[in-house]
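Single-structure report; data block below.
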Amino acid sequence: MSTGDGKFMRLALELAKRGDGWVNPNPMVGAVIVKDEKIIGLGWHRNFGGRHAEVNAIEDAKRKGHDVRGATMYVTLEPCSHWGKQPPCADRIIEEGFKRVVVAMEDPNPLVAGRGIEKMRKAGIEVEVGVLGREARKLNEIFIKYITTGTPFVSIKLALTLDGFIATENGSSQWITGEEARLKVQELRKRHMAIMVGSGTVLADDPRLNCRLENCPEKVKVILDRSGRVAEAIKAGRRFKLFEDGRAIFFTERPELFEGIAEAYPITEPGEILRKLGELGIDSILIEGGRIACEFLAFADKFYLFYGPKLFGNGIKPFECLKVENADYALLLRIESIERLGESFLVTAYPGDG
Ligand code: AOF
Ligand code: ZN
């Protein structure tokens, strides 16, 4: 590793984040071109199907009148070697005469998986892999899961009281957390392609389930509606805000009720639902419904637990289905961070104790 490698890669990671929410199910990728220790080009992957970060950085350098021959490219993901919606970046980097390429992580896409690196090395380019690799893998945890399994990355988001309830006994749950926490939820919605709730939430709260940040793409709304209660309510004349933008997908035991109303698939078990969503091209879901969280618990990749400074004493607990009897068998979580958000705080955690 040369001096400056970390600094330039950090910048590339920051650029990659500009594609947040727009590139799914592709990865967020950033690239920085450096020559004689000066930055001459910046690029990132801006939207799904669009030009790759590396090519955007090359075009940026050229637009500014720089010659990239002999330069170093810092890129957060291994340059691709295959023809997809875009031509292979590794070939372009070779053609342009780069001297050195610094890569944060190998591309987990089986179509690439080291072939881009190999191609560039064979062409005589000095290639270094692994600079800020951990950060790059964290940034693209959604992409890594989806490209290697074909099923979406599952995040469970809950707002809890300090004594662990998501609602009172009669189901009222408004405003457990404050304004800052709600803003953070919007950021989570931005990163995930789909938001999932149960029909109970739709009927009780009529949520929009959209992303209200400036510059945020439309969301896919996934609703588990076993008995088709939402369809029946619509037939009875009710209207729901979730249909105002984006795409709505229902999973139900009575898909026929949804004919002419909404896209619906027969409900099966959670694993099947996730496989179906994967087939539909959805790389990530944010489960926001407290009552359905437990059904998907075994499939959770990440937890976002927001705690508000309140006590209910009794009410609805989110993970009752776990029914741990012996403390030795508790589901273990590995905390990634604890963030204070105004009066609330957010615990971000992964399943497992590793
Ligand atoms: C991106 N953006 O900046 C890089 C990617 O269909 P394509 O041609 O867009 O190819 C998508 C694949 O290309 C993606 O799964 C990943 O393996 C690789 N690299 N993809 O969307 C980029 N560098
Ligand atoms: Zn590429």
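Both counts, for ligands and for their atoms, begin at 1 and track the order of listing.
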Notebook entry, point to check: Considering only heavy atoms, does F143 approach ligand 1 within less than 4.0 Å through its side chain, its backbone, both, or neither?
Noted result: side chain
Notebook entry, point to check: Heavy-atom distance to atom 12 (C) of ligand 1: which of M28, H82, E78, R46 wins?
Noted result: H82
Notebook entry, point to check: Which atoms of ligand 1 sit under 4.0 Å from any heavy atom of E54?
Noted result: 3 (O), 23 (N)
Note to self: Counting non-hydrogen protein atoms only, what is the nearest one to atom 9 (O) of ligand 1? Give residue, atom name and distance.
What the structure shows: H52 NE2, 2.8 Å
Notebook entry, point to check: Is any side-chain heavy atom of D205 closer than 4.5 Å to a side-chain heavy atom of V197?
Noted result: no
Item checked: ILVMFWY cluster membership beyond L188 - transitive side-chain contacts under 4.5 angstrom -> V185, L286, Y304, F306, L341, L346
Next item on the list: Would you mind reporting whether I273 and M196 have side-chain heavy atoms less than 4.5 Å apart?
Entry: yes
Next item on the list: Starting from atom 11 (C) of ligand 1, find the nearest protein heavy-atom neighbour and note its residue, name and distance.
Entry: N26 OD1, 3.7 Å
Check: Which is closest to atom 15 (O) of ligand 1 in terms of heavy atoms, N24, N109, N140?
Finding: N109
Check: Taking the inter-plane angle between the rings of Y307 and F345 on a 0 to 90° scale, is it parallel (under 30°), tilted (30 to 60°) or perpendicular (over 60°)?
Finding: parallel
Item checked: Closest heavy-atom pair and its distance - A231, D225 -> N-OD2, 3.9 Å
Notebook entry, point to check: Does some side-chain heavy atom of R115 sit less than 4.5 Å from a side-chain heavy atom of H82?
Noted result: no
Checklist line | H45 N/O under 3.5 Å from ligand 1 N/O | finding: yes
Item checked: Which residues share a ring pair (Phe, Tyr, Trp, His ring centres under 6.0 Å) with F258, sequence neighbours left out -> F250
Notebook entry, point to check: Do NZ/NE/NH1/NH2 and the carboxylate oxygens of E320 and K317 come within less than 4.0 Å?
Noted result: yes
Check: So which protein heavy atom does atom 6 (O) of ligand 1 come closest to, and at what separation?
Finding: K85 N, 2.8 Å
Note to self: For K122, is there an ion pair with E118 - N to carboxylate O distance below 4.0 angstrom?
What the structure shows: yes
Next item on the list: Heavy-atom contacts with P27 under 4.0 Å: which atoms of ligand 1 show up? List them by number with element.
Entry: 1 (C), 14 (C), 20 (N), 21 (O)
Notebook entry, point to check: So does E141 pair up with R191, basic N to acidic O under 4.0 Å?
Noted result: no
Checklist line | For G84, the ligand 1 atoms whose distance to one of its heavy atoms is below 4.0 Å | finding: 6 (O), 8 (O)
Item checked: Heavy-atom side-chain contact between F143 and D283 under 4.5 Å -> no
Margin query: Applying side-chain hydrogen bond (donor to acceptor under 3.5 Å, both in side chains), can you list everything that pairs with R46, at least two apart in sequence or on another chain?
Written below: none
Notebook entry, point to check: Looking at A53, which atoms of ligand 1 are within less than 4.0 Å of one of its heavy atoms?
Noted result: 3 (O), 22 (C)
Item checked: Shortest protein contact, atom 17 (O) of ligand 1 (heavy atom only) -> D107 OD2, 2.4 Å
Notebook entry, point to check: Taking the Zn ion (ligand 2) as the center, what protein N, O or S atoms are found at less than 2.8 Å?
Noted result: H52 ND1, C80 SG, C89 SG
